[in-house]
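Okay, structure first, notes after.
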Amino acid sequence: MERYEPLKIEQKWQQIWEKTSPFKAKEAPGTPKVMLAEMFPYPSGAGLHVGHVRNFTIVDVLARFHAQQGLNVLRPFGYDTFGLPAENYAIKTGTAPQKVTKINIDNFRKQAKRLGFAIDWSREINTSDPEYYRWTQWCFLQLYKKGLAYQKESYQWWCPVDQTVLANEQVENGKCWRCGHEVEKKKMKQWFFKITEYADELLDEIDHLEWPDKIKTMQKNWIGRSVGAEIDFAVESGAPHITVFTTRPDTIYGATFLVVAPEYGQLESLLTDDTREKVLAYKAAALKKSEIERQENKEKTGVFTGSYAINPATKAKIPIWVADYVLAGYGTGAIMAVPAMDDRDHEFAEKFDLPIVETELCDRDKFGTLKTTYRMRDWLISRQRYWGCPIPIAYDSEGNPHPIPEDQLPVLIPEVDDYQPDNTGRSALAKATDWLKVNIYNEAIGQVEEMTRETDTLDGYACSSWYLWRYASPHDNTAAWSQEAIKYWEPVDYYCGADHAVAHLLYIRFWCKFFADEGYLPFREPIKRLLYNGYINAPDGKKMSKSKGNVIDPLDVINDGYGADTLRTYEMFIGPYDQDAAWDTRSVGGVYRFLNRCWTLCFATPVSDTDHTVTTRHRTIKKVTEDIHRYNFNTAVAALMEYVNELYKVGAITEDLIVLAKLLKPFAPHLASEMLEKLSSDDEWPKWEDQYLTSDTAEIIIQVNGKLRSKITIDASNLADEEKVVAIALADDKIKKYTEPGIKKTIFVPKAKILNIVV
RNA sequence: GCCCGAGUGGCGGAAUUGGUAUACGCGUUCGACUUAAAAUCGAAUGGUGAAAACCAUAUGGGUUCAAGUCCCAUCUCGGGCACCA
């Protein structure tokens, strides 16, 4: 070979890795281990994009780095395959989602292999594989058994385009997270997971996580714990009392009216013949308002119910109003209004001419009971969709739910011809009439009964709430995860992603705590360290999108001749991993030149017979090692570039080339492997020795009044002798002219090798 | 509105504990090689200035021998939350 030909080198090593499976995790309990994973991708038809490459390469650099340091590494891979794109495609074309998914997975796998990721391919998982979702259903049943999966009729977000309900976490600014259409409220009976049961622990343990502050703050805000009190207000007419929630029970003397939400359950009991019509019209209008309207128009509206409550502190008779600035789902759906203290109540009082009185404070628990509430709601998990994990439930003739026995799992997704949901709000599963019927033992009547299956499927986030544990024993057909394997490999040491701050990352913590309580997991937090990487934008700084035509295809970059090593190294060099970055094709060329220089040094340059670079070499080892530990991948690459520039100038001995190849391997594994082969070296991560980090001479920076005036080089042995250094510095020609008026003071900092003369 | 971040050359960015501001890369300019170009190699590159020097890390103050880094105020951008009582 006469020049650097990345495509040849990469093909060669990818074939070798395919044959020898060097990234297969070892079954070696007791040895030090590292488990890493990226947030597994949804395999779209478009294949890998540059964002995947950044995400996967971060994990790959850490995986290879730890493997080279002798740790037993598990770096698995999987596919999050249930979801709307495949189903919508099926509705449009009639192609089974199973079929499309398989094609897309095959393509993703092929592309991932072309990037040289150190993946243990024997552990691939796929959430729509019956062998996988069988255990998702098992997880559901465990939650169901403990009452943490339950049905409730309530107002829910409904996307009229995707024809399904959505979790709160899937509504973004009042719009569907998938299609962007405005969501509506619809009263429906739905399945929920009781995540609120773990609200306190989910909140309190956030502070102990090695996660980015940004994510921790978002989760804290999402859970939104408020400590306050519930206070009962008697209703004058004798109607049931109204319980309000307040964080300021001490301001009760200033409460001059009550407000209940339009959806308030006991609203009817508060109405009088005079007010009924007006209030019900207001309620109907409020329910019809979309979330967007409610957010945009914050002008207070409301109507008087006709009833009065008694303020337990002042004994005053105060009016009860209904207004949509009070939310039904938070607290008790009713508040005491203290217009003198609260801006919203004040605005409402001004508008409707209600009394505003100054309040004296009292003890917080004088009139009510202390109570904590949360902003977070239970997780709505049923979806009226075909392409999801079927909920393992059937209904008897009375409509009561019964779990499908565990030995009848998986509940397979039936084949249908038409994937369109029907017009009753049920998924296409309802069209599989044979599948719908199932015989189950009904304890209530003491016999087997033909029941009707649930036609809702699980939110895709349920499938991804346990996959990290499946990686420990992906082929176990006796359990969702093996106790032994999970004990050794997990929790996950490094988890890398760029999305799902309050959805997936909260749900998986919730399941972890639940399964720890059930004795299935020996830890309560699933992820030790979270790396939240930034996006890669188009060269113009805007988001890449097909419609804008500014998408960079990573496979094009490789096939253009740059190769996977350049692509990987470029994406690590592009900037701090946690910040967004704009693609710059010319900078890709710069990284290619760097790798080309590495190749030239190793394959087309005579080896030097003098070791000029022992200090640089050890400093580079230290810098790259520490930078990877700190996730400063960009400066680690820069340090390697500096090293190569130095070797170009003064010549490299074999040791230099070996060190270079070893340090380069996490970033550019194909080229590094080729170099190590030529050099007959293993890839063991090199160690630096402190004795080589310092040289015999030291450069001293001399400042006068804080300004740089001169640099002198002295014998390093003099550094400890302050008087001597000062004397040498004062004798320096450039310094003499500043010091004529006399010296007030000198400050010498040996560690910084800096001397400041104040005159 | 509230809570976080961030602001450094022509550009992406570096400066890890308050200690040489601008590492590394891109771009640009010049040179070598070449019939020529590409590739490659070498040199220069914050601004003003002939030079000495002076001025530069969003803006204005402050602390310090010394500030991109710490403190106060202001501006701009990004993110999160947003009628959560």
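All values reported here derive from a predicted model rather than from experimental measurement. Computed over heavy atoms, backbone and side chain alike; hydrogens, waters and symmetry mates excluded. Throughout, a chain's letter reflects where its sequence line sits, starting with A, and its residues are numbered from 1.
When the P atom of G42(B) is taken as reference, atom CD of Glu646(A) falls 12 Å away, rounded to whole Å.
For His346(A), the ring-ring contact (aromatic ring centres under 6.0 Å, His included) criterion is met by no residue, not counting sequence neighbours.
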Validation: residues 531-540 of chain A side-chain donor-acceptor distances under 3.5 Å, sequence neighbours left out:
unit_1, atom_1, unit_2, atom_2, d
Tyr532(A), OH, Asp499(A), N, 3.3
Tyr532(A), OH, Asp499(A), O, 3.3
Asn533(A), OD1, Asn55(A), ND2, 3.0
Tyr535(A), OH, Ala498(A), O, 3.3
Asp540(A), OD1, Lys542(A), N, 2.9

Return all side-chain donor-acceptor pairs below 3.5 angstrom for residues 640-649 of chain A, not counting sequence neighbours, or 'none' if the list is empty.
unit_1, atom_1, unit_2, atom_2, d
Tyr643(A), OH, Asp656(A), O, 3.4
Tyr643(A), OH, Asp656(A), OD1, 2.7
Asn645(A), OD1, Arg597(A), NH2, 3.1
Asn645(A), ND2, Met641(A), O, 3.4

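Residues from residues 248-260 of chain A lying near RNA chain B, meaning a heavy-atom separation below 4.0 Å, are Arg248(A) in numerical order. Near-neighbour residues of RNA chain B inside residues 212-228 of chain A, defined by a heavy atom below 4.0 Å, number-ordered: Met218(A), Asn221(A), Ser226(A). Less than 4.0 Å separates RNA chain B from at least one heavy atom of each of the following residues of residues 622-631 of chain A: Lys623(A), Arg630(A).
You'll find that the side chain of Met641(A) is closest to G25(B), out of C41(B), U20(B), G25(B).
The residue Val758(A) sits close only to the backbone: its heavy atoms come under 4.0 Å of sugar-phosphate atoms, none of a base. At a threshold of 4.0 angstrom between heavy atoms, the contacts of Asn705(A) with the nucleic acid are absent.
Positionally, the nearest nucleotide of RNA chain B for Asn596(A) lies more toward the 5' end than for the other of Asp345(A) and Asn596(A).
The base of U20(B) is not paired with the side chain of Lys753(A) by any donor and acceptor separated by under 3.5 Å.
Remark: Lys300(A) does not engage Glu350(A) in a salt bridge, criterion side-chain N to carboxylate O under 4.0 Å.
Atom CZ of Arg529(A) and atom SG of Cys496(A) lie 13.5 Å apart (nearest 0.5 Å).
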